[in-house]
Amino acid sequence: GCSSGIVYPTVSLSVSTIRNPTKAPLKTHKQKIIKELEKVSHEYVRRRDGIDGEIRGYCFDCGMYAEGQQFQAGHFEPSGSCGALLRFHPHNMHGQRGGCNMKYQQERVKIDYTFAMLRKYGKEYVDFLRSLKNKTIKADDVFYSTLLQLYKEGDEKKIVDYLHSF
């Protein structure tokens, strides 16, 4: 064949980029609920584990004091890979110092977090929580909206009962 020697770059565009080149793709209703649920559930955990309901307290892992943005809601089973039931489960999240939550000495943190979980809940319940990682549910708008409402009400028993009802 005839080759001019010119190399043309390959550019792939999503449909949303073509329709609306200046803005990021619009979030779906479900994505908006999940984003709000993440914010509300994390604040709930930070206040639950904080001192006097404030966003300041002692790290679930290392026991060091942290406050404000450095007192975070850290997950036992990572939020990106644990499924809907565990991602927002209040017993899978605890007040955690930013350094421990953000992969600083991650192996040490994982060991400390596991021991803290076993002390707080016992092996049988920790095993049960871990089993939720493999449970598949239909995590739709109704699921996330219900969970969001329960977190806003602040009754942890209702949150847990709802998550365990699947």
Throw together a table of side-chain donor-acceptor distances under 3.5 angstrom for residues 77-90, partners on residues two or more places apart or in other chains.
unit_1, atom_1, unit_2, atom_2, d
Glu77, OE1, Lys133, NZ, 3.2
Glu77, OE2, Arg130, NE, 3.1
Arg87, NH2, Glu38, OE1, 2.7
His89, ND1, His91, N, 3.0
His89, NE2, His164, NE2, 2.8

Enumerate donor-acceptor pairs with a distance under 3.5 Å from any side-chain N or O in residues 64-71 to protein atoms, sequence neighbours excluded.
unit_1, atom_1, unit_2, atom_2, d
Tyr65, OH, Glu67, OE1, 2.7

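Between His94 and His75, the closest side-chain pair of non-hydrogen atoms is not below 4.5 Å. The closest side-chain heavy-atom distance from Asp49 to Tyr58 is not below 4.5 Å. Side chains of Val40 and Leu148 form a contact here, defined as non-hydrogen atoms less than 4.5 Å apart. Proximity of Phe166 to Lys138: side-chain heavy atoms (C-beta onward) are nowhere separated by under 4.5 Å.
Annotation for Gln72 and Asn101: closest pair OE1-ND2, 2.7 Å, computed over non-hydrogen atoms. Counting all heavy atoms, side chain and backbone alike, Met117 lies closest to Val126 at O-CG2, 3.6 Å. Here the closest heavy-atom approach between residue Arg48 and residue Met93 is recorded as NH2-O, 2.7 Å.
In this structure, the separation between NZ on Lys152 and CD1 on Ile159 is 12.5 Å, given to the nearest 0.5 Å. Distance NE2/His29 to CG/Asp140: 10.5 Å, rounded to 0.5 Å. Summarising the geometry, atom NZ belonging to Lys158 is positioned 13.5 Å from atom CG belonging to Leu147; distances are rounded to the nearest 0.5 Å. Remark: Gln31 CD to Ile34 CD1 distance equals 7.0 Å, nearest 0.5 Å.
Counted within 6.0 Å of NZ on Lys35, heavy atoms from surrounding residues, nucleotides or ligands total 12 or fewer; the atom is thus considered open. Summarising the local packing, CD of Glu153 is surrounded by more than 12 heavy atoms from other residues, nucleotides or ligands at distances under 6.0 Å.
Checking Arg46, Lys39, Arg47 one by one against Glu43, the side-chain hydrogen bond (donor to acceptor under 3.5 Å, both in side chains) holds for a single residue, Arg47.
Side-chain atoms of Glu36 and Tyr144 include no donor-acceptor pair closer than 3.5 Å.
Relative orientation of the Tyr125 and Tyr121 rings is tilted, given thresholds of 30° and 60° on the angle between their planes.
Cation-pi geometry between Lys110 and Phe76 is satisfied (NZ or CZ under 6.0 Å from the ring centre, within 45° of the ring normal).
Panel note: side chain Ser165, backbone Tyr162; a donor-acceptor pair is recorded below 3.5 Å. A donor-acceptor pair under 3.5 Å links the side-chain atoms of Asp61 to the main chain of Tyr113, judged by distance alone.
Residues passing the salt bridge (charged side-chain N to carboxylate O under 4.0 Å, His left out) test with Asp141: none are found, sequence neighbours excluded.
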